[in-house]
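Below, each value reflects all heavy atoms present in this structure, side chains not excepted, and no hydrogens, waters or symmetry copies.
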Amino acid sequence: MQVHLNELAALRIEGRPRGITSVCSAHPIVLRAALRHGRQHESTVLIEATCNQVNHLGGYTGMTPSNFACLVRKIAAEEGCLEHLVVLGGDHLGPNPWRDRPAEEAMAEAQKMVAAYVDAGFRKIHLDASMGCKGEPVALDDETTAHRAARLAAVAEDRARAAGGAMPVYVIGTEVPPPGGADHALSTIEPTAAAAARETIDVHRRVFEKAGLQEAFTRAIGLVVQPGVEFGNHNVILYDHSKIDELKSVLADEPQFVFEAHSTDYQGTHPLTALVEDGFPILKVGPELTFVLREALYALDSIASDLLPDYGQRPLYAAMEELMLDQPGNWSRHYHGTDGGRRWLRHYSLSDRIRYYWTSPEAQNAVRRLCEALRGQSVPLPLFWQHMPAAQDFADAPLDPEQVLIWRVTRSLADYHAACGVGKD
């Protein structure tokens with residue numbers, strides 16, 4: 001049974017909680033795995049792009065919202081994933097990419113970005129105008145944030161109405177961990193205070209009504225709060241449902257809302273299930289999926305090194321190390337310590353900042369060479385046992401490396417799918 005975003009609150013109230021996985025990645029292998037999994041299970045495939053990753057100027061992926069939507073739809077068609085199963089979402093849509101500019105200038109860009117997202121068919125919109133721009137505090141108060149969010153919502157409403165069809169659903173609130181995880185070892189993360197969550201909803205409701213956006217606010221389905229989960233470079237803080245009794249009470253008074261959980265990566269099925277049961281049915285995952293993709297790529301790199309005399313010694317690993325050292329902008333501020341410590345973090349950190357490099361020509365060439373070297377090869381069972389034991393079913397038969405990569409990503413997606421089916425009829 002497919003579950004829709006606007007059904008999540010009602011299902012929770014009825015005592016039949018169900019969830020939806022939000023796949024936050026632009027990697028084609030991750031997208032293919034998610035769309036194939038959705039088609040196989042006839043479940044909603046929610047795929048989200050962030051304002052830094054995809055925007056009207058290209059973002060760090062080089063893709064506009066239209067480009068990204070076309071990529072998703074192309075892969076969906078190839079996988080036979082029907083259109084009604086696919087939902088596109090925009091995450092943290094606001095002035096963040098331009099926060100080094102004056103507020104009005106940054107907001108003008110943010111409005112253009114929101115228009116581009118809606119024009120491209122994105123219908124789940126996370127309004128996030130909480131960050132300060134040039135000359136402002138780092139984090140803004142609820143009042144200012146809500147007024148800017150309303151400006152962005154007005155743009156989304158106008159563009160969606162002009163396009164016809166479904167109107168957007170909105171997520172508000174911004175109390176989330178640092179994008180991509182924390183930079184240091186963590187011991188505990190405090191959940192959002194119930195009073196703060198109530199204030200966020202109250203202020204946004206009032207501001208939207210004053211702006212004539214009452215009807216739009218009825219489609220605000222989610223509130224981003226901190227459930228007390230996080231991952232850093234080194235470790236993961238698992239969900240502890242005993243800490244959020246007060247926070248859960250907010251949903252009893254606000255029946256149109258559910259909570260949206262960011263940074264649920266690496267939690268595993270049991271904590272994810274508890275999150276859905278406790279009112280966090282929108283589970284965002286991103287770095288975990290590219291982390292396990294990298295894990296599979298490096299395992300195949302090692303297998304090819306052991307199996308094929310002319311392949312070399314882990315050339316994919318070597319290519320990625322050279323690339324990251326040559327272009328340190330995406331990791332140098334986040335990885336600290338000795339040279340050896342930073343070396344392993346570049347490749348194996350849970351924040352997975354290596355994900356920013358897979359689109360480069362050097363990385364793509366190295367991956368292509370790996371896949372071409374192993375395609376059709378029969379890999380002996382002991383090599384899989386040595387480098388990727390769980391993939392032993394691929395042994396002793398002509399190998400399709402891409403299928404191994406998709407299989408590995410799907411194993412993580414399966415944890416989310418299991419958690420989202422809590423109380424499944």
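Among residues two or more places apart in sequence or in another chain, the side-chain contact (heavy atoms from CB on, under 4.5 Å) test is passed with Ala115 by Val155, Arg159. The salt bridge (Lys or Arg N to Asp or Glu O under 4.0 Å) check on Lys112 picks up Glu109, with sequence neighbours excluded. Partners of Asp301 by side-chain hydrogen bond (donor to acceptor under 3.5 Å, both in side chains), not counting sequence neighbours, listed by chain and number: Tyr311. In this structure Trp98 satisfies the ring-ring contact (aromatic ring centres under 6.0 Å, His included) test together with His56, sequence neighbours excluded. Applying the salt bridge (Lys or Arg N to Asp or Glu O under 4.0 Å) test to Glu105 and every residue at least two apart in sequence or in another chain returns Arg101. Taking the salt bridge (Lys or Arg N to Asp or Glu O under 4.0 Å) definition, one finds that Arg73 meets it with nothing, sequence neighbours left out. For Phe291, the ring-ring contact (aromatic ring centres under 6.0 Å, His included) partners two or more places apart in sequence, or in a different chain, are Tyr266. In this structure, His241 has no ring-ring contact (aromatic ring centres under 6.0 Å, His included) partners at least two apart in sequence or on a different chain.
Scanning all heavy atoms of the two residues, the minimum distance from Gly38 to Val45 falls at CA-CG2, 3.5 Å.
Below 30°, between 30° and 60°, or above 60°: for Phe259 and Phe280 the angle between ring planes is between 30° and 60°, a tilted geometry. Taking the six-membered ring where the residue is Trp, Trp358 and Tyr298 present perpendicular rings, their angle passing 60° and hence far from 30°.
Arg198 and Ser249 share a side-chain donor-acceptor pair at under 3.5 Å. For the residue pair Ser43 and Gln2, no side-chain donor N or O sits within less than 3.5 Å of a side-chain acceptor on the partner. A donor-acceptor contact under 3.5 angstrom links the side chains of Ser349 and Ser351, judged on distance only. A donor atom on one side chain and an acceptor atom on the other are not found under 3.5 Å apart for Asn52 and Thr50.
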Report all side-chain donor-acceptor pairs from residues 414-421 shorter than 3.5 Å, counting only partners two or more places apart or in another chain.
unit_1 : atom_1 : unit_2 : atom_2 : d
Asp415 : OD1    : Thr269 : OG1    : 3.1
Tyr416 : OH     : Thr264 : O      : 2.9
Tyr416 : OH     : Thr264 : OG1    : 3.0
His417 : NE2    : His41  : ND1    : 3.4

Side-chain polar contacts of residues 75-91 - donor-acceptor pairs under 3.5 angstrom, sequence neighbours left out - could you list them?
unit_1 : atom_1 : unit_2 : atom_2 : d
Glu78  : OE1    : Arg32  : NH1    : 3.2
Glu78  : OE1    : Arg32  : NH2    : 2.6
Glu78  : OE2    : Lys74  : NZ     : 2.7
Glu79  : OE1    : Arg36  : NE     : 2.8
Glu79  : OE2    : Arg32  : NH1    : 2.9
Glu79  : OE2    : Arg36  : NH2    : 3.1
Asp91  : OD1    : His126 : ND1    : 3.0

Donor-acceptor contacts under 3.5 Å from residues 386-393 side chains, at least two apart:
unit_1 : atom_1 : unit_2 : atom_2 : d
His387 : NE2    : Asp306 : OD2    : 2.7
Gln392 : OE1    : Trp385 : NE1    : 2.6

Under the side chain to side chain contact (heavy atoms under 4.5 Å, CB included) rule, what do Leu152 and Met107 come out as? Steps first, then yes or no, please. CA-CA 8 Å; Leu152 299 176; Met107 281 296 295; 3.9 Å; yes
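Using a 4.0 Å cut-off between charged nitrogen and carboxylate oxygen, Lys248 and Asp278 count as a salt-bridge pair. Residues Glu209 and Arg205 are not paired through a salt bridge, judged by the lack of any N-O separation under 4.0 Å between the basic side chain and the carboxylate.
Two residues are said to be in side-chain contact when any heavy atoms from C-beta on lie closer than 4.5 Å; Leu238 and Val229 fail this criterion.
The cationic atom of Arg346 (NZ for Lys, CZ for Arg) lies less than 6.0 Å from the six-membered ring centre of Trp331 and within 45° of the ring axis.
Residue pairs that meet the ring-ring contact (aromatic ring centres under 6.0 Å, His included) test with at least one member in residues 143-163, sequence neighbours left out, do not exist here.
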